Amino acid sequence: MPLIVLEEGTVRRAKLEDYEEAVYTLASIVPPGKVTTYGVIAKLLGVSPRLVGKILAANENPIIIPCHRVVGSRGDLKGYTGGGARVKRRLLELEGVKILGGKIARNHILEDPLQPAARGAGR
DNA sequence: CATCGAACCAACC
DNA sequence: GGTTGGTTCGATG
């Protein structure tokens, strides 16, 4: 069972709009200079990574939603609407994210936005 | 490392 | 009922 939303005693299947809030929130808590992945968000919300992408793609608040801070699981930029992945890379670099060979350094990827700085600079 | 194919979840036609 | 999306992962060359 994917997800059930309760509303005043009413149950229904989860809609994309129900995930929007969660996805946007997770994306917005990602600090500058760091990024998260579609897979992570998807896992946290219990949805498929593509859904996350679709939500971010359909986000109506690209300004308050740093959708460019969401990248592929392997550090790939993947797509980005509103200019293309080209712009995405530029934005991330401006935030302080290091990108090598078109891929983001692993140390910039937050595997869990809910637990930032899981290991600090480490090791 | 690059490419191919299969899985996921919901929306759309 | 079938296809598509800002994906992901495993197997092969």
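Sequence lines set the chain letters: A, B, ... in the order given, protein chains first and strands last, and positions in each chain run from 1. What you see is a predicted model; the values in this text were computed from it and never measured.
Salt-bridge check for A/Arg69 with A/Glu95: passed, with a basic side-chain N closer than 4.0 Å to an acidic carboxylate O. Salt-bridge check for A/Asp18 with A/Arg12: passed, with a basic side-chain N closer than 4.0 Å to an acidic carboxylate O.
As the counterpart of C/dG1, B/dC13 is assigned, both hydrogen-bonding distances of the Watson-Crick or G-U wobble pattern falling under 3.5 Å. When Watson-Crick and G-U wobble pairs are counted only if both distances are under 3.5 Å, C/dG6 pairs with no nucleotide at all.
Annotation: of the two residues near DNA chain B, A/Val47 and A/Arg74, the 5′-most nearest-nucleotide partner is A/Arg74. Remark on DNA chain C: of its neighbouring residues A/Val40 and A/Ser48, the 5'-side contact belongs to A/Ser48, judged by nearest-heavy-atom nucleotide.
Nucleic acid contact class of A/Thr81 (heavy atoms, under 4.0 Å, all strands): base. The residue A/Val52 sits apart from the nucleic acid: no heavy atom pair falls under 4.0 Å. Among the atoms of the strands shown, only primed sugar atoms or phosphate atoms (P, OP1, OP2) are found under 4.0 Å from some heavy atom of A/Leu16.
Of the candidates C/dT7, C/dG6, B/dA10, C/dG6 carries the atom nearest the A/Ala57 side chain, counting heavy atoms from C-beta on.
Residues A/Val71 and A/Leu92 form a side-chain contact, since some pair of their non-hydrogen atoms from C-beta on lies under 4.5 Å apart.
A close approach under 4.0 Å does occur between a side-chain nitrogen or oxygen of A/Tyr19 and OP1 or OP2 of B/dA10.
Nucleotides C/dG6 and B/dA2 are separated by 24 Å at their P atoms, to the nearest Å.
Atom CD of A/Glu93 is surrounded by more than 12 heavy atoms from other residues, nucleotides or ligands within 6.0 Å.
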